[in-house]
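First the structure, in the form of structure tokens, and then the observations on it.
Index from 1, following the sequence.
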Amino acid sequence: MSLTPATSASSQTAKIKKDESFLGRLGGTLVRKKKSKQVSDLHEEGKNAINAPMLPTGSDIHPEDTLLEENAERIMLDPTSRDNLKFKDLLKVLIDWINSELEEERIIVKDLEEDCYDGQVLQKLFEKLSGRKLNVAEVTQSEIGQKQKLQTVLEAVNELLRPHGWSVEWSVDSIHSKNLVAIVSLLVALAMHFQAPIRLPEHVSVQVVVVKKREGILQTAVVTKELTSTTEMMMGRFERDAFDTLMDHAPDKLNVVKTSLITFVNKHLNKLNLEVTELESQFADGVYLILLMGLLEDYFVPLYNFFLTPESFEQKVHNVAFAFELMQDGGLKKPKARPEDVVNLNLKSTLRVLYNLFTNYKNSE
């Protein structure tokens with residue numbers, strides 16, 4: 001393009017450069033020789049998408065998310081769902097699980113969006129869970145390198161999960177663009193497939209904004225996305241354990257098991273002049289679990305490490321989680337029950353924890 005000193009030409013050039021700069025910030029890729037009509041159309045498309053009347057108030061829709069190819073679709077988390085307590089709980093469970101699995105790698109995840117998008121954490125997690133080494137570069141800084149790594153990791157994941165009936169709800173682009181719904185869906189699938197020793201919170205759903213482009217027009221809708229169902233349904237993909245069978249098909253034998261466990265725990269707690277009569281309620285604050293572990297392993301647990309008379313839900317969860325740590329220190333596997341389940345008087349979770357202790361310490365005096 002040749003420039004003339006004419007004032008009108010300079011003004012027009014400045015205007016085009018201004019439009020290009022603005023649209024560049026919207027994420028669009030413009031060629032310098034775009035006609036002003038094309039620039040205007042693209043500008044209007046992004047503006048209309050942002051102000052689309054079908055979007056909920058306050059939705060965090062970025063202009064770059066609306067510059068779609070024909071028939072393309074993009075799904076984004078509605079910001080209001082970030083305050084969903086069950087969703088926050090799910091994020092915490094997944095983060096704690098990843099950090100537990102990758103402890104030897106000295107990898108600490110604090111934010112799923114920021115720490116998982118480049119493929120590094122997902123690579124290490126998949127390798128640890130599957131026992132399979134992937135042929136990828138260890139460190140990749142460029143966007144191309146990160147996407148190549150993600151491609152390799154997701155191909156391995158999909159190859160593993162698809163034969164077991166999993167629907168693939170994630171992609172290289174969605175993960176790399178820090179789409180939290182896609183990242184969480186992938187992690188939940190991995191946790192369930194590999195029978196992670198965690199309890200995913202039940203019935204976690206979020207609102208997502210779906211943006212589609214049809215015949216040049218952006219269409220938006222808000223739908224509910226289910227991330228987890230009931231524990232029974234989620235664990236239904238795997239072999240159910242003895243307590244599932246016991247509680248569903250032989251409730252008459254449940255009292256026999258409870259009696260055996262009460263006898264076991266009282267054998268040790270009686271040394272401290274303590275006695276248990278109700279398993280689900282008396283272990284719910286974690287105090288008896290901590291004291292029991294000290295008796296079984298023959299050590300004194302300093303009182304400053306836990307709340308002797310917990311009052312809040314958080315204090316009780318702290319106690320139960322601390323008891324779980326003591327169990328792992330004693331060589332036991334991390335309980336599949338969540339501390340929150342024990343605190344919430346979930347009998348099946350409490351029985352699993354106590355039965356694990358019984359099988360390992362039943363001969364202890």
Side-chain angles (χ1 to χ4, degrees), residues 85-86 88-90 92-97 99-100 103 196-202 231 241-244 246-247 254-365:
L85 294 180
K86 284 190 174 182
K88 287 183 175 181
D89 189 20
L90 176 60
K92 182 179 184 305
V93 170
L94 292 173
I95 288 174
D96 289 346
W97 169 56
N99 287 335
S100 175
E103 185 176 9
I198 58 176
R199 285 284 164 183
L200 298 171
E202 300 181 333
T231 298
D241 67 14
F243 287 106
D244 289 312
L246 186 67
M247 299 188 79
L254 183 61
N255 286 332
V256 176
V257 174
K258 291 173 68 175
T259 300
S260 297
L261 291 177
I262 288 175
T263 301
F264 164 70
V265 298
N266 280 335
K267 172 185 174 182
H268 299 281
L269 289 176
N270 285 166
K271 299 172 185 176
L272 299 176
N273 294 321
L274 301 173
E275 186 166 354
V276 170
T277 56
E278 289 290 335
L279 294 177
E280 56 265 58
S281 61
Q282 289 183 268
F283 284 96
D285 64 6
V287 175
Y288 278 15
L289 274 178
I290 294 171
L291 297 177
L292 181 59
M293 279 307 303
L295 291 165
L296 294 173
E297 285 290 327
D298 195 25
Y299 56 69
F300 174 76
V301 182
L303 298 181
Y304 58 77
N305 280 331
F306 65 100
F307 298 96
L308 190 59
T309 56
E311 297 178 357
S312 67
F313 180 81
E314 289 73 20
Q315 290 177 348
K316 294 176 183 178
V317 169
H318 169 87
N319 280 357
V320 176
F322 178 58
F324 285 4
E325 291 178 13
L326 297 180
M327 293 174 195
Q328 290 177 271
D329 290 342
L332 279 68
K333 290 184 178 181
K334 183 177 181 180
K336 287 190 175 182
R338 299 166 57 234
E340 292 84 356
D341 295 333
V342 176
V343 175
N344 284 326
L345 308 180
N346 184 302
L347 177 59
K348 197 185 298 186
S349 296
T350 304
L351 289 178
R352 284 189 174 99
V353 173
L354 294 176
Y355 187 75
N356 191 31
L357 294 179
F358 174 76
T359 56
N360 283 274
Y361 296 101
K362 59 185 176 183
N363 297 321
S364 298
E365 293 299 328

In Å, rounded to the nearest 0.5 Å, how long is the span from [atom1] of [X] to [atom2] of [Y]?
X      : Y      : atom1 : atom2 : result
Asn266 : Phe264 : CG    : CZ    : 10.5 Å
His318 : Ile290 : NE2   : CD1   : 7.0 Å
Leu85  : Leu90  : CG    : CG    : 12.5 Å

Within the 4.5 Å heavy-atom criterion, are [X] and [Y] side-chain neighbours or not?
X      : Y      : result
Val301 : Met293 : no
Val343 : Asn319 : no
Leu354 : Leu289 : yes
Asn344 : Phe313 : yes

Worksheet item: Mind checking what makes salt bridge (charged side-chain N to carboxylate O under 4.0 Å, His left out) contact with Asp341, not counting sequence neighbours?
Response: Arg338
Practice prompt. Can you sort out the partners of Lys86 under salt bridge (charged side-chain N to carboxylate O under 4.0 Å, His left out), two or more places apart, ordered by chain and number?
Written response: none
Would you give me the side-chain donor-acceptor pairs under 3.5 Å for residues 321-329, sequence neighbours excluded?
none

Worksheet item: Distance-only, no hydrogens or angles: does the Thr259 side chain make a donor-acceptor pair with backbone N or O of Asn255 under 3.5 Å?
Response: yes
Nearest heavy-atom neighbours spanning [X] and [Y]:
X      : Y      : value
Glu311 : Lys316 : O-CE, 4.3 Å
Val287 : Phe307 : CG2-O, 3.5 Å
Ile262 : Val276 : CG2-O, 3.4 Å
His268 : Leu295 : O-CD1, 3.2 Å

Practice prompt. Just jot down the side-chain hydrogen bond (donor to acceptor under 3.5 Å, both in side chains) partners of Asn360, sequence neighbours excluded, or say none.
Written response: Asn356
Worksheet entry | Partner of Pro335 by side-chain contact (heavy atoms from CB on, under 4.5 Å), out of Val353, Ile198, Val320 | Val353
Worksheet item: So which pairs with a foot in residues 294-310 pass side-chain hydrogen bond (donor to acceptor under 3.5 Å, both in side chains), sequence neighbours left out?
Response: Glu297-Tyr361
Worksheet item: Which side-chain hydrogen bond (donor to acceptor under 3.5 Å, both in side chains) pairs, counting each pair once, include a residue from residues 270-288, with sequence neighbours left out?
Response: Thr277-Gln282
Discussion item. Are there over 12 heavy-atom neighbours, none belonging to Lys267, within less than 6.0 Å of that residue's NZ?
Written reply: yes
Practice prompt. Start with the C-alpha distance between Val265 and Phe283, add both sets of side-chain angles, then the distance that settles side chain to side chain contact (heavy atoms under 4.5 Å, CB included), and finish with yes or no.
Written response: CA-CA 11 Å; Val265 298; Phe283 284 96; 4.0 Å; yes
